[in-house]
Colleague: 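Quick one: this structure, given as structure tokens, is what I'll be asking you about.
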2 protein chains.
Amino acid sequence: MYQKKLPVELECGLHLFMEVMNGKWKISLIWCIYNGINRPGELQRRIPKASRRLLDTQLSQLVSHGIIAKTVFDQKPPKVTYELTPLGQTLIPVIESTARWGEMHRNELEQLIQTPDPLLR
Amino acid sequence: MYQKKLPVELECGLHLFMEVMNGKWKISLIWCIYNGINRPGELQRRIPKASRRLLDTQLSQLVSHGIIAKTVFDQKPPKVTYELTPLGQTLIPVIESTARWGEMHRNELEQLIQTPDPLLR
DNA sequence: TTTGATACGGCTGAATTTAGCCGTACTTGA
DNA sequence: TCAAGTACGGCTAAATTCAGCCGTATCAAA
């Protein structure tokens, strides 16, 4: 894994939140796990646009940040599940309120946020 | 400015929020401007760890995302101020609730979030 | 025996953000 | 005239994240 070289900014609580949520698919992962989709293969099928590799990476970051817990069943074929930790559960209402803000202002925002011009690709 | 080449994920409201808040110093900038520190030079002095260059860049992103507004006074020497737009104001309570979450769990999080090892630098 | 499902990890290069250098122009005050 | 303050922008390299390739292993069913 990549080892950070620059200091992380943690003075403010919002930075802590951002540090945890930062990662293209983490939000989707947390939401899926919260809704009971908790096995790696299932998650991969739910989020097909992300590569398996990257989902694995982000899952393990969430584990190391204490948001989700990983359980490995000692059986053949192997089985793995993820669950929200108590800390992860406290995140749900915050995510909901933040998502509500986004939805509320979706119209304004979509026009303002720069999207890559499909003609250039 | 850099032109995005990969599509932006905007399905979920939280992604909209992240898209706007994403940038190392944007949170600090919004918070300063909200508290009346609204001239480029002042902001620079309040956030000395960030380069002037980067603050400029992130300020202009916030402007283009409609969160803050820039006013240029036509005088010599030039004078510029930033203010929160109505959309930017709606962000404040969301930021507060998110920051509250971070503060509440600061102890747990600080131990879990990977910090660069000072011995390696 | 081959195929498909389970799960995991190394590696490379593209895309993107951040850091930090340089220089422009104007005005006021020492 | 010279320094210091105002604001702005080009450019390069470092740091970081993302995309996608390859390969490992086990087991069940076709």
Colleague: Using whole Å, report how far CE of M18(B) lies from P of dT17(D).
Modeller: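 Value for this atom pair: 12 Å.
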Colleague: Taking salt bridge (charged side-chain N to carboxylate O under 4.0 Å, His left out) as the test, write out the residues that go with R39(A), two or more places apart.
Modeller: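 Expected list: none.
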Colleague: Could you list the donor-acceptor pairs under 3.5 angstrom formed between side-chain atoms of residues 84-91 of chain B and any protein atom two or more places apart in sequence or on another chain?
Modeller:
{"residue": "T85(B)", "atom": "OG1", "partner": "G66(B)", "partner atom": "O", "Å": "2.6"}
{"residue": "T85(B)", "atom": "OG1", "partner": "I67(B)", "partner atom": "O", "Å": "3.1"}
{"residue": "T85(B)", "atom": "OG1", "partner": "L87(B)", "partner atom": "N", "Å": "3.4"}
{"residue": "T85(B)", "atom": "OG1", "partner": "G88(B)", "partner atom": "N", "Å": "3.0"}
{"residue": "T90(B)", "atom": "OG1", "partner": "W101(A)", "partner atom": "NE1", "Å": "3.0"}
{"residue": "T90(B)", "atom": "OG1", "partner": "H105(A)", "partner atom": "NE2", "Å": "3.4"}
{"residue": "T90(B)", "atom": "OG1", "partner": "L87(B)", "partner atom": "O", "Å": "2.6"}

Colleague: Can you give the donor-acceptor pairs under 3.5 Å from side chains of residues 93-100 of chain A to other protein atoms, not counting sequence neighbours?
Modeller:
{"residue": "S97(A)", "atom": "OG", "partner": "V94(A)", "partner atom": "O", "Å": "3.3"}
{"residue": "T98(A)", "atom": "OG1", "partner": "V94(A)", "partner atom": "O", "Å": "2.7"}

Colleague: Could you state the atom-to-atom distance from NZ of K79(A) to C1' of dA28(D) in whole Å?
Modeller: 16 Å
Colleague: Please report the shortest heavy-atom distance between Q44(A) and S51(A), naming the atom on each side.
Modeller: OE1-C, 4.0 Å
Colleague: Would you kindly give the CG-to-C1' distance between L62(B) and dT17(C), to the nearest whole Å?
Modeller: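 That distance rounds to 15 Å.
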Colleague: Tell me the interatomic distance from D56(A), atom CG, to dC18(D), atom P, rounded to whole angstroms.
Modeller: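 In whole Å, dC18(D) P and D56(A) CG are 14 Å from each other.
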Colleague: dT17(C) P sits how many Å from L59(B) CG, rounded?
Modeller: 16 Å
Colleague: For DNA chain C, what residues of residues 36-45 of chain A have any heavy atom nearer than 4.0 Å?
Modeller: R39(A), P40(A), G41(A), R45(A)
Colleague: Do you know the tightest heavy-atom contact between K26(B) and Q61(B)?
Modeller: NZ-OE1, 2.8 Å
Colleague: Which whole-number value in Å describes the distance from E19(B) CD to dT17(C) C1'?
Modeller: 13 Å
Colleague: With sequence neighbours left out, write down each residue that passes side chain to side chain contact (heavy atoms under 4.5 Å, CB included) with V80(B), or none if nothing qualifies.
Modeller: P40(B), K70(B), V72(B), Y82(B)
Colleague: Who passes side chain to side chain contact (heavy atoms under 4.5 Å, CB included) against S28(B), sequence neighbours left out?
Modeller: H15(A), W25(B), I47(B)
Colleague: Could you run down the sub-3.5 Å N/O contacts of the protein with nucleotides 18-26 of chain C?
Modeller:
{"residue": "dT18(C)", "atom": "OP1", "partner": "K24(B)", "partner atom": "N", "Å": "2.8"}
{"residue": "dT18(C)", "atom": "OP2", "partner": "Q58(B)", "partner atom": "NE2", "Å": "2.9"}
{"residue": "dA19(C)", "atom": "OP1", "partner": "K24(B)", "partner atom": "NZ", "Å": "2.9"}
{"residue": "dA19(C)", "atom": "OP2", "partner": "W25(B)", "partner atom": "NE1", "Å": "3.3"}

Colleague: Measure CZ/F73(B) against C1'/dG5(D) and give the value in whole Å, please.
Modeller: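 These atoms are roughly 18 Å apart.
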Colleague: List for me each residue that meets salt bridge (charged side-chain N to carboxylate O under 4.0 Å, His left out) alongside R53(A), sequence neighbours excluded, and say none if there are none.
Modeller: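 Salt bridge (charged side-chain N to carboxylate O under 4.0 Å, His left out) check on R53(A) returns nothing, list empty.
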Colleague: Please list, chain by chain and in numerical order, all residues satisfying side-chain hydrogen bond (donor to acceptor under 3.5 Å, both in side chains) with N35(B), sequence neighbours excluded.
Modeller: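 Per chain and number, N35(B) pairs via side-chain hydrogen bond (donor to acceptor under 3.5 Å, both in side chains) with W31(B).
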Colleague: What is the nucleic acid contact for K70(A), judged by heavy atoms within less than 4.0 Å: base, sugar-phosphate only, or nothing?
Modeller: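 Contact class for K70(A): sugar-phosphate only.
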